[in-house]
Amino acid sequence: MTQMRVLLTGATGFIGSHTWLNLLACGFQVVGVDDFSNSSPAVLDRLHQLAGTEPAFIRADVCDASAMAAVFSRERFDAVIHFAALKAVGESTEKPLAYYANNIGGLLTLTQAMAGHECKTLVFSSSATVYGKPESLPIREDAALSSTNPYGATKLMGETILRDLGHADAGWAVALLRYFNPVGAHESGLIGEDPRGTPNNLMPFVAQVAAGKRERLKVFGHDYATPDGTGVRDYIHVLDLAAGHVDALNYLLDTRQSITANLGTGRGHSVLDVVHAFERASGTSVPCDFVARRPGDVDASYADVTLANTVLGWEATRDLDTMCADSWRWQRMNPNGLAG
Ligand code: NAD
Ligand code: WQD
């Protein structure tokens, strides 16, 4: 069988780098694109080490139409997985134009280049953020959609653009994958989440407290309608997420049908569950202060994963303890991330 050729945008980022390895392990040929706006070129050396072959990579901005046209003119791709985006919710409220320009502009430039070269198979990184404040739990794919910040609006709009594209041209096969809370790292400790500055997300912040880089965790809210009063989320190991991309891609290539699917474990864990699991994994303590709720946060969010289980044949297999153990290994082996 001929090898399928896949273009990954945002390839050196957290989820992209893990998916890249998984695709290579499953026999795909992969070309990565990234502009390093939120990742380091050192990821390429780590991927080389892990995969045993030099990764094929093009440094480019997905918003640059001539650069994207050049990528598709140089070689043929069977499919694209589009990770490249800005992703910090708080920052998006301060710099909305940067978020719309990059996340929507990049998607338009990419899909136009794809259409121009008859590549119409796309996996899109969407997010559980499109569910806004969920009306019921677990969240099914047919739940009401809304956005509460510019970042979320770009994901909602990205989904709309791709659905409209599918309606206009049945040749497109698109997977809208709604990730819940991706955490963890590759079990080698060589690649992982590498936030710049103060982490926005819980798990990397907890890892830095456990490592002694930060003094205490601020727990945002302890009066939520949850068993211990702290926010509940569906944390999913990045390696399970990476496997979900391979399954979604195979589904698109095999069936030519589009799909919208949640990728989560289907289980909720509170902030304190994460803190305690991390303390067990690291053998250190994670001192906490209880502070006010963070604006925009919801009590609880976790996925109904029936669709991904039954249609894609995919299931998350790693538990919270494994997520924390892998995150801790990455933190210990790379105390200053890959840039520093
Ligand atoms: P990340 O920041 O680690 O990776 C994104 C990569 O895209 C980075 O390497 C960055 O340099 C690159 N990039 C950004 N804009 C670019 C551009 N214009 N041209 C080329 N490269 C560009 O983020 P991640 O956590 O790996 O997220 C990947 C995708 O998944 C994003 O679309 C994000 O919105 C989505 N997502 C992430 C989460 C999460 O919590 N990590 C949850 C749901 C959805
Ligand atoms: C998890 C829980 C916080 C930090 C975000 C985006 C979402 C998606 C995933 C991209 C919440 C609490 C956090 C801290 C805390 N990303 N917390 N102290 O908000 O569920 O989702 O990342 O698409 O769109 O919104 O993830 O990791 O920020 O928070 O108490 O210092 O931890 O209140 O209950 P969130 P998170």
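When a ligand or atom number is given, it counts from 1 through the structure's own listing order. When reading the values below, keep in mind they use all heavy atoms of this one structure, side chains included, and skip hydrogens, waters and symmetry mates.
A distance-only check finds a donor-acceptor pair linking the side chain of Thr9 to the backbone of Ala84 [under 3.5 Å]. Of the possible polar contacts, none joining the Asn262 side chain to the Ala303 backbone as a donor-acceptor pair under 3.5 Å is found.
The nearest protein atom to atom 19 (N) of ligand 1, hydrogens excluded, is given as Val62 N, 2.9 Å; this is a heavy-atom distance. Scanning the protein heavy atoms around atom 30 (O) of ligand 1, the nearest turns out to be Tyr179 CE1, 3.3 Å. Counting protein heavy atoms only, atom 11 (O) of ligand 1 is closest to Asp34 OD1, 2.6 Å. Summary of contacts: the protein heavy atom closest to atom 4 (O) of ligand 1 is Gly13 CA, 3.4 Å. Considering only non-hydrogen protein atoms, atom 41 (N) of ligand 1 sits nearest to Lys87 NZ, 3.6 Å. Of all protein heavy atoms, the one lying nearest to atom 17 (C) of ligand 1 is Asp35 OD2, 3.4 Å. The protein atom (non-hydrogen) at minimum distance from atom 40 (O) of ligand 1 is Pro182 CD, 3.3 Å. Looking only at heavy atoms of the protein, atom 37 (C) of ligand 1 is closest to Ile15 CD1, 3.8 Å.
The closest approach between a heavy atom of Gly105 and any atom of ligand 1 is not below 4.0 Å. Heavy-atom separations between Asn102 and ligand 1 include at least one value shorter than 4.0 Å. Within the 4.0 Å heavy-atom cutoff, Gly106 does not count among the residues contacting ligand 1.
Tyr302 and Phe180 have their aromatic ring centers separated by at least 6.0 angstrom. Side-chain rings of Phe83 and His245 approach one another, their centers coming within less than 6.0 Å. For Phe290 and His222, the gap between ring centers is short of 6.0 Å.
Of all the atoms in ligand 2, the ones that sit under 4.0 Å from a non-hydrogen atom of Val89 are 6 (C), 25 (O). Interface atoms of ligand 1 facing Ser39, defined by a heavy-atom separation under 4.0 Å, are 8 (C), 9 (O), 11 (O). When each atom of ligand 2 is checked for a heavy atom of Tyr151 under 4.0 Å away, the hits are 10 (C), 23 (O), 24 (O). Of all atoms in ligand 1, numbered sequentially from 1 with element shown, those under 4.0 Å from a heavy atom of Ala84 are 7 (O), 13 (N), 16 (C), 21 (N), 22 (C). Ligand-side atoms of ligand 2 in range of Val219: 30 (O), range being under 4.0 angstrom from any heavy atom. Interface of Tyr151 with ligand 1, defined as ligand atoms under 4.0 Å from a residue heavy atom, comprises 33 (C), 34 (O), 35 (C), 36 (N), 44 (C). The contact set between ligand 2 and Asn200, taken as ligand atoms under 4.0 Å from a residue heavy atom, comprises 4 (C), 28 (O).
Annotation for Ser146 and Lys133: closest pair OG-N, 4.3 Å, computed over non-hydrogen atoms.
Within the 4.5 Å cutoff, side-chain heavy atoms of Asp321 are placed close to those of Arg280. With contacts defined as side-chain heavy-atom distances shorter than 4.5 Å, the pair Val62/His82 qualifies. In this structure, the side chains of Asp194 and Asn334 stay at 4.5 Å or more apart for every pair of heavy atoms.
Looking at Leu202 next to ligand 2, an N or O pair under 3.5 Å apart turns up. The shortest N/O to N/O separation between Ser126 and ligand 1 does not fall below 3.5 Å. The distance criterion of under 3.5 Å between nitrogen or oxygen atoms is met by Phe83 with respect to ligand 1. An N or O contact shorter than 3.5 Å links Phe220 to ligand 2 by distance. In terms of polar-atom proximity, Asp61 is counted as a contact of ligand 1, with an N or O under 3.5 Å from an N or O of the ligand. Considering backbone and side-chain N/O atoms, Ser37 comes within less than 3.5 Å of an N/O atom of ligand 1. Considering backbone and side-chain N/O atoms, Asn201 never comes within less than 3.5 Å of an N/O atom of ligand 1. Polar contact check, Lys87 against ligand 2: no nitrogen or oxygen pair lies under 3.5 Å apart.
When non-hydrogen atoms are compared, ligand 2 lies under 4.0 Å from the backbone of Lys218 (N, CA, C, O) but not from its side chain. The proximity of Asn181 to ligand 2, defined as any non-hydrogen pair under 4.0 Å, is limited to the side chain. Contacts with ligand 1 closer than 4.0 Å are made by backbone heavy atoms (N, CA, C, O) of Phe36 only, the side chain lying farther away. If you look at Tyr235 next to ligand 2, the close heavy atoms, those under 4.0 Å, all belong to the side chain. Residue contacts with ligand 1 for Lys155 involve side-chain atoms from C-beta outward but no N, CA, C or O (heavy atoms, distance under 4.0 Å). If you look at Ala11 next to ligand 1, there are no close heavy atoms at all, none under 4.0 Å. Heavy atoms of Asn201 found under 4.0 angstrom from ligand 2 belong to the backbone as well as the side chain. Heavy atoms of Ala60 found under 4.0 angstrom from ligand 1 belong exclusively to the backbone.
Hydrophobic clustering of Ile, Leu, Val, Met, Phe, Trp and Tyr side chains at less than 4.5 Å, counting indirect connections, unites Leu44 with Leu338. One hydrophobic cluster, built from ILVMFWY side chains closer than 4.5 Å, cannot hold both Ile15 and Val89; they sit in different ones.
For Arg267, the CZ atom counts as loosely surrounded, since its 6.0 Å shell holds 12 or fewer non-hydrogen atoms of other residues, nucleotides or ligands.
One finds no salt bridge joining Lys155 and Glu159 here, because no Lys/Arg side-chain nitrogen approaches an Asp/Glu carboxylate oxygen to under 4.0 Å.
A cation-pi geometry, defined here as NZ or CZ lying under 6.0 Å from the six-membered ring centre and within 45° of its normal, does not hold between Arg59 and Phe36.
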Handout entry: Residue pair Asp319, Thr322: steps toward the side-chain hydrogen bond (donor to acceptor under 3.5 Å, both in side chains) verdict
Key = CA-CA 5 Å; Asp319 64 9; Thr322 306; 2.8 Å; yes

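Relative orientation of the His186 and His18 rings is tilted, given thresholds of 30° and 60° on the angle between their planes.
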